[in-house]
Structures are given as C-alpha cells and as structure tokens.
Amino acid sequence: MRTMRGPKTPGGTARGPRGAARGPRSAAVGPPGRRPPATAGQRWARRARADHWSFLFGEVALYSFIVLVATGAFLTFFYDPDMTRVPYDGSYVPLRGVPVSKAYASTLDISFDVRGGLLMRQVHHWAALIFIAAITLHLLRMFFTGAFRRPRGLNWLVWVGLLPLGMVAGWSGTILPDDMLSGGSLGLLQGVTQSIPVVGTDLTSWLFGGDIPGDEIVTRFYWLHVLVIPVAVVGLFVLRRGLLRRHGHTRFPGAADADAGRAARLGPFRIGPAAGSAAAVFLATCGVLALFGAFAQINPVWQYGPYQPGNTTAGAVPGWYMGFLDGAVRIMPGWEFDVAGHPSRSRCWCPPSSSPARSSPSSRPSR
C-alpha cells in the first residue's frame, strides 16, 4: 500500500496522511541532501576532538610552546646578547663591582629590576622543560599504539623532528645568561664539535670565533634561539595541523565521541565540548606553568655567578633531557689506540667526553 503525501503548508512543511508534520525543508543553498557549510567554530571543534587522555600530551606540547613564545618575546625586550665585560652596578649587592658580561648583567636586571621579569624567566624555563617532556611522552604514546604506521608516518616524523629542536632550543637558551651553568652547555658544544672526525677542531674554532669561549658565541646562539628554531617549530606544527586535517586523529578501539552532537553557542559560533576542553587544557597549562614560575625556583643565575672558563663542575648539563649524554660517557670503556699516527680514545666517540670538564689537561682533541 502506497503512502499518501499530504498537502503542503504555506511554510513549506509537508504533511503525511494523518496531518503529521514531516519537518521543514532545508534552507541551505546548494544541491539537495547536502549539509550547510560549517562555521569556523564547528571546524575547529571537529579538529580539536580527541577521544583519549593520552592525546593531551600533544596539546600540552603545543600550549607550552605558545607560552614559550609569549614569555620569550617579553624577555627579548630586556636581554642584551653581548659578551663585553662591564662592572656590574645593578640591584644585586653581592656582585656589585664584579666584571661580568652584558648578557649576564641584563639577565640579573631582568630578575631584580624588571617588574615581573623573574616570573617570566622562570615560566619560560619551566615551559621549555615541560615542552620537551610532553613531546617525549607523546612520541612514546605514538610508538606503543602504532600511530606511526601508514598513512600517519609523516606525522610521526614531525614529532621526531620536534624533539631535537626542543632539546637544541633548551640547550641554547641555557647559554644565553652567560652564568656558571652556561659553562656546562658550552662544554657540551665544544665536545660535540671537537668529536667530529677530521673537521672537528676547525669547526670548533669557527663556531666560537677563535678562542673558547670567545666573544661571539652568545650573539650567534641568541639568533638561533629566538628566530631560527621557533620558525622551524612553527613550521612543523603547521604541517602537523595539515596532516590532521587530511588523516584525522588516531582512535582507540571502542572509543566514541559521546558528546559530539552537543554544542554550545559562543556569539556567532557553535563550540563543541571538545573545543571547550581544548581551551580548558590551554588555560590549565598556563596556570600550572605560572604556579611553577611563582613558587618553584629554577636557574638562579645570581647564585651561580658569572661564567669563568675552567670552573664549571663536571656533569653540569643544561637539563634532564641531556642526561643521557652523561650516562653514555660513564658506560663507555676507556680504550685508547693510534689510527694513522693520531691518538684515538673510545670516549671521544661519545661527544660530551671531549668537554674540558672531563678531559685531562694533557689530552688533545682528535682530528
């Protein structure tokens, strides 16, 4: 028996055989059966949707990088990347009259004389540590869940590239204050470059501008830290966003978006729960970093004092993410032999072992 189609109402609503309304016709412009175009808020909500807590690692990494850029932009207005020695005449009384570099003096000025400067410095440092930690955890999540397989292999490589960039950014940032802890970073740099076969010594001389530490290394690494690495990181995050738009998020078996159909209005936009949770994670990340910066002291350069070559303690490395290098030195056997008349030690195969803090006075770098 065929279903009879009832008369149409003036508003365009068709009625069934018993007069029940069948629903209004679509008012969207375009071919019948197609949904109206999504708003910017709806598109953002779909892209922000994740169905497992482990996806927070990637979000925390992104939001930590945003905090890094914001606090770093603030610090650049007051930092002076100059290694010229001047007598310190700032607010920190124990160091008054001591010859220090302008870079170290400006770091002390940020800490004691700039309103909110110490908070910004410490938030910046904590954000760098959490940025690297979040990337590491996100890579572990991707590895153990198989998220590196096709078609998401390029996304895996993006995160693999972000890890060394974050490590170099944090390591180069510890060089800039020119304090005693900077000696550990400079020793690491010297060891890495001198351990390169054949060209290591010449490359070290070119990089430091002659003598070590020289007068140019801070200026060179300043532009690497504030310009080159951030641009590279932004480029990788943009590439990752494009890959997510193309392939979407990975899903755990049985995971479902229970709240995908519900949305709230925020002005002209309809914001889904996932977008709201992303905003909440961003605010929580900023809040935790602010609490760390306010109550957890880190990198007190005024206690370390200005950098003096040769006085850095052995094992002083920029951060926890460089600890594997110190461990590699400790487990490397102490073999030594000659290659074509040149002495070679097995510990030279591990770059940090060539640093002044670990080499004996009579040792010489291998070429």
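Just so it is clear, the structure is predicted and the values come from calculations on it, not from any experiment.
Scanning both residues, Phe208 and Arg220, for their nearest heavy atoms gives N-NH1, 4.2 Å. Smallest separation of non-hydrogen atoms from Val218 and Tyr79: CG1-OH, 3.3 Å.
Counting heavy atoms from C-beta on, the side chains of Phe282 and Leu62 never come closer than 4.5 Å. Between Phe148 and Leu157 the shortest side-chain heavy-atom distance does not fall below 4.5 Å. Counting heavy atoms from C-beta on, the side chains of Arg240 and Trp159 come closer than 4.5 Å. Under the 4.5 Å side-chain criterion, counting only non-hydrogen atoms from C-beta, Trp320 is in contact with Ile132. Side-chain atoms of Leu56 and Glu59, non-hydrogen and from C-beta on, do get closer than 4.5 Å to each other.
A donor-acceptor pair under 3.5 Å links the side-chain atoms of Arg96 to the main chain of Gly90, judged by distance alone. A distance-only check finds a donor-acceptor pair linking the side chain of Gln122 to the backbone of Ile298 [under 3.5 Å]. Side-chain atoms of Ser205 do not come within 3.5 Å of backbone N or O of Asp202 as any donor-acceptor pair. Proximity of a side-chain donor or acceptor of Tyr307 to a complementary backbone N or O of Tyr104 within less than 3.5 Å is not detected. For Thr219 (side chain) and Pro81 (main-chain N/O), a donor-acceptor pair under 3.5 Å exists by modelled atom type.
Summarising the local packing, CZ of Phe112 is surrounded by more than 12 heavy atoms from other residues, nucleotides or ligands at distances under 6.0 Å.
Under a hydrophobic-cluster definition in which Ile, Leu, Val, Met, Phe, Trp and Tyr are linked whenever side-chain heavy atoms come within less than 4.5 Å, directly or via other members, Leu129 and Leu118 are assigned to different clusters.
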How far apart are the C-alpha atoms of Leu95 and Val100, what are their side-chain angles, what is the distance that settles it, and do they pass the side chain to side chain contact (heavy atoms under 4.5 Å, CB included) test?
CA-CA 9 Å; Leu95 287 178; Val100 299; 5.5 Å; no
